[in-house]
Amino acid sequence: MDASVTRGDDLVTITDLTREFSSGGGFMKPRRTMRAVNNVSLNVPRGKVTGVVGESGCGKSTLARLVLRLLEATEGTVVFDGKDLAKQSQGEMRKLRRRMQMVFQDPYSAIDPRYTIRRALLEPFQVQGEAKTAADAKTTVDELISMVGLSPRMMASFPHQLSGGQKQRVGIARALALRPSFLVLDEPTASLDVSIQAQIIDLLETLKAELGLTYLFISHDLSLVRYFCDRVVVMYLGRVMEILPGAQARPRHHYAHALLESNFEPDPTRRKVVTMLGGEIPSPFATIPGCAFAARCSAASDLCKRERPPLADLGSGHMIACHNPMD
Amino acid sequence: MTAFAPIRTAIGSPRGGASAAVLVLVVTCALFAPLIAPYAYDIQNLPSANTQPGAAHWMGTDEFGRDLMSRIIYGARTSLTVAVTAISISVAAGLTLGAMAGYFGGWFDRAVTAVVDLTWSFPEILIALILIAIIGPGLESTMVAISIAYLAQFTRLTRAQIMALKNETYVEATTNLGAGHFHIIFRHLLPNALTPVIVAGMLATGDAIILEATLGFFGLGAQPPTPSWGAMMSSGTAQIFIAPWIIIFPGLAIAITVISINLFGDALIEALDIRNRLRSV
Amino acid sequence: MTLLSVQSISVSIGTLCPLESITFDIGKGEILGLVGESGSGKSLTAMCVMGLLPRIGGTVTKGSIVFDGRELIGLPEIELRRLRGKRIALISQNPMTSLDPIIRIGNQVDQVSILHLGLSAEAARARSLDLIAQLRIPEPAAIHRAYPHQLSGGMKQRIVIAMALAADPDLIVADEPTTALDVTIQAQIIQIMVELVRDRGLALMLITHDMGVVAQACDRVVVLYAGRVAEMNVIGEIFAQPKHPYTRELIRCIPRLGQERGSLKGIPGAVPSIVDYPDGCRFNPRCGDAQELCRNQVPALERKSSGLAACHFSEV
């Protein structure tokens, strides 16, 4: 990725974004608060694929929903193409949704089981108040369905008659129906077999090139993210640990490094000796004053446990939140 | 995947088929009572009071000499009208309240849940009696009382369905397309929540027939001379040793109707494969 | 030396036939990978080896399973039960299916050695603590006292491994043992499991869909596709020179470090449904090299230059 990307080239700018969830607080239960997304700032450059990678509980799915304002932020702002989402009225938000869409992790429940594929693909126009004549509707649906590589014969089918991969294609077609410019892909291949996962990634690549889309790609799979994305954001316990400017950039954060080392290559000549991470993953309800990874990090100093490292620029867009980065 | 397929499957099973046949008979009696009944239900004929069942009166006559079979056929009309109307109102109101409470949550949900839990902890008959004590006896009051007595059940069931369904990915996906609450509730949540509520409503209709009969037995339901199975049994108690058929035949009518409804409801639950969803309340 | 030998096993469940002519063997001290996508029958194969098929209404219609010189097919349930846990241990994907939520972790691990090795309570406890420590769980004594819900998913899975090891089995069947876990935890558990199995000279049947895990851990690999064996070979050959087009394509589906964008294509089509298997080779509708022969005739699993493969056209 070129280092000359400036703010004006960003389709989405996220600043100091925080989202808290509370649990308990009922009868005889103390109220506990967790920060699923904790003071996250990042930008999504136009026409690029920004990957967000992390393990369960790192807040990547919450981040995806905050970016589309499917959840309200506790603090911080999301600016989409110059518009602060939190300041949009309901009507304005509805119009904006035509331009920002999402593909969901679970294709099995992403379509109403009572809807035919045809009805599911026409729904986006219906909710946006665009009535279609019968002939118009047919061309639209035919176009959408062939765009994602499915046969128009499937239009009368119900979701349960389709395979997982086909359902995910319908999910993508539905997201693209309103011609958005920005897609959030929330683990779109996590519940699919590898042979189908590769198909879907290939399709997403083609669509991006054809339609000039911008992607925010959420995944737990670092090798997939490094293959598919122009930049990689590594998250841990709600915080950004490192932003790698390109897929080939070597991680310098200890957590990002551990994540990479945990990723087994499909090559028996390159077996790895896994370094054991000490410590336990802290509870999401715990308040951690310092670095979130300090408890498991071999290079952690007193400073790491005391003070949260800021996200600092190492040059050419490589950002890292670490007091003692690796060489 | 048409809506009638499960009904066809249910009728195809032995108990479903038999119970459906009985129900068709009962409904036909109710709809075409004037054409089917051999006598008018309210013509008294005191000389032939307490006649045993025989060729002229298949089920005998009551203490006023009225033909019992005609009264039972007309009574089907009363029972079914009251039960079906009351449960329909109850289901409609339960769906609305449950959907609103389950979808929006917050103080409205807490208020609805509190009231529902309170009424849930009393037997339906007690609630109905209290309500009739307030609004006075009669056919309309019985309907109102029964519909309120069962409201808690449908509200709870709907609320539980909606709470589970609103976390489905397709709801989030549709919201993200820009859909409003109205669209989400009426196009996605309610259609998916409807089936178990309808089946529960069908089963409750059986209970409502018994409740109507009970209220009628106490003289709180349909007022004379309108025939009601419960009221007929009640008047039969005085004649139980002289003319036992007066109490036996209405009793059988109630039992057969209610058993058929329950059997058909069971067959429908099997066919729809929703036993778990009904139990999830 | 062969410990477990599975010969042309076919399984039916009702009218369906989810496994057909499954053949493979595991030697003592060997780690065998059983790979395949959903619907390939890999979990069913594990159940077959464990003698658990009757629990899901399945029966073995033909073939034989010989474990340490003993035929398992037709063995009465009581004998099978003696083998399970004692000589063949199972590690399942979800640790909670193996752990009782209301019994302390330690007691559950102790129970295995008391039951199968006839140890006294104290000896069993000492052994459990030792095992827990070997799985690199910090503070074994505290964990011994804990209840399952107090542990993270990764910790629970380690305890399940400790339980599997506690009876000193000869064979461990691990069905997707790390699929539900995060990658950093997965890497550690695979590492520990492989070390312990190697140290003790145990045989491990590792069932997974993850070619990365296979490459990291296994000595030999059986590739399953739609209820049949596609290929069986030593690990190096599987990755360097796959003999079955499915194996080749499956490996190509995983992005490698530094792989060029746009070069990941996937395998066209989808795994066929069990009610709708194609004639001939079951991979033929998705195979780029399929010929008329592949559509008509089921390829036999035959010896190639190395290993076995079921393909009409791979080199001999």
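Every heavy atom of this structure was used, including side-chain atoms; hydrogens, water molecules and symmetry mates were not. Naming convention: chains lettered A, B, ... in sequence-line order (proteins, then strands); numbering from 1 in each chain.
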- [ ] Return yes if some donor-acceptor pair links the side-chain N/O of B:S90 with the main-chain N/O of B:L151 below 3.5 Å, else return no.
- [x] yes
Task: residues 92-107 of chain B: residues contacting chain A (heavy atom under 4.5 Å, by number) - done: none
Task: Side-chain donor or acceptor of A:R94 paired with backbone N/O of A:Q128 under 3.5 Å - done: no
TODO: Hey, could you give me the CD1/CD1 distance between B:I148 and B:I130, rounded to the nearest 0.5 Å?
DONE: 11.5 Å
Open item on the list: Is it the case that the side chain of A:D221 and the backbone of A:L224 share a donor-acceptor pair, with hydrogens and angles ignored and the cut-off at 3.5 Å?
Closed with: yes
Task: Contacting moiety of A:Q101, where chain B heavy atoms sit under 4.5 Å - done: both
- [ ] Check step by step if side-chain hydrogen bond (donor to acceptor under 3.5 Å, both in side chains) holds for A:S109 and A:D106.
- [x] CA-CA 6 Å; A:S109 71; A:D106 182 10; 3.2 Å; yes
Task: Side chain B:E168, main chain B:L165, donor-acceptor under 3.5 Å - done: no
Task: Proximal component of A:M100, with respect to chain B [non-hydrogen, under 4.5 Å] - done: backbone
Open item on the list: Treating B:S79 as the side-chain partner and B:A76 as the backbone partner, does any N or O pair qualify as donor plus acceptor under 3.5 Å?
Closed with: no
Open item on the list: Looking at A:M155, is its backbone amide N or carbonyl O close enough to the side chain of A:R118 to form a donor-acceptor pair, meaning the two atoms are under 3.5 Å apart?
Closed with: no
Open item on the list: Sort by residue number and list every residue of residues 170-179 of chain B having at least one heavy atom under 4.5 Å from chain A.
Closed with: B:Y170, B:E172, B:A173, B:T174, B:T175, B:N176, B:L177, B:G178, B:A179
TODO: For the residue pair A:H160 and A:F158, categorise the inter-ring angle as parallel (less than 30°), tilted (30 to 60°) or perpendicular (more than 60°).
DONE: parallel
- [ ] Kindly say whether A:R119 contributes a backbone atom to a donor-acceptor pair with the side chain of A:T116 at under 3.5 angstrom?
- [x] yes
- [ ] Taking ring-ring contact (aromatic ring centres under 6.0 Å, His included) as the test, write out the residues that go with A:Y115, two or more places apart.
- [x] B:H188
Open item on the list: Only heavy atoms, only distances under 4.5 angstrom. Which residues in residues 168-187 of chain A are near chain B?
Closed with: A:R174, A:L178
Task: Under 4.5 Å from a heavy atom of chain B, the part of A:L70 involved - done: side chain
TODO: Return yes if some donor-acceptor pair links the side-chain N/O of A:R69 with the main-chain N/O of A:Q88 below 3.5 Å, else return no.
DONE: yes
Open item on the list: What's the separation between atom CZ in A:F217 and atom OG1 in A:T189, rounded to the nearest 0.5 Å?
Closed with: 5.0 Å
- [ ] Measure distances from A:Q105 to the heavy atoms of chain B and classify the residue's part below 4.5 Å as side chain, backbone, both or neither.
- [x] neither
Open item on the list: Closer than 3.5 angstrom, by distance alone: can the side chain of A:T77 be matched with the main-chain N or O of A:V79 as a donor-acceptor pair?
Closed with: no
Task: A:E72 backbone acceptor or donor facing A:R19 side chain under 3.5 Å - done: yes
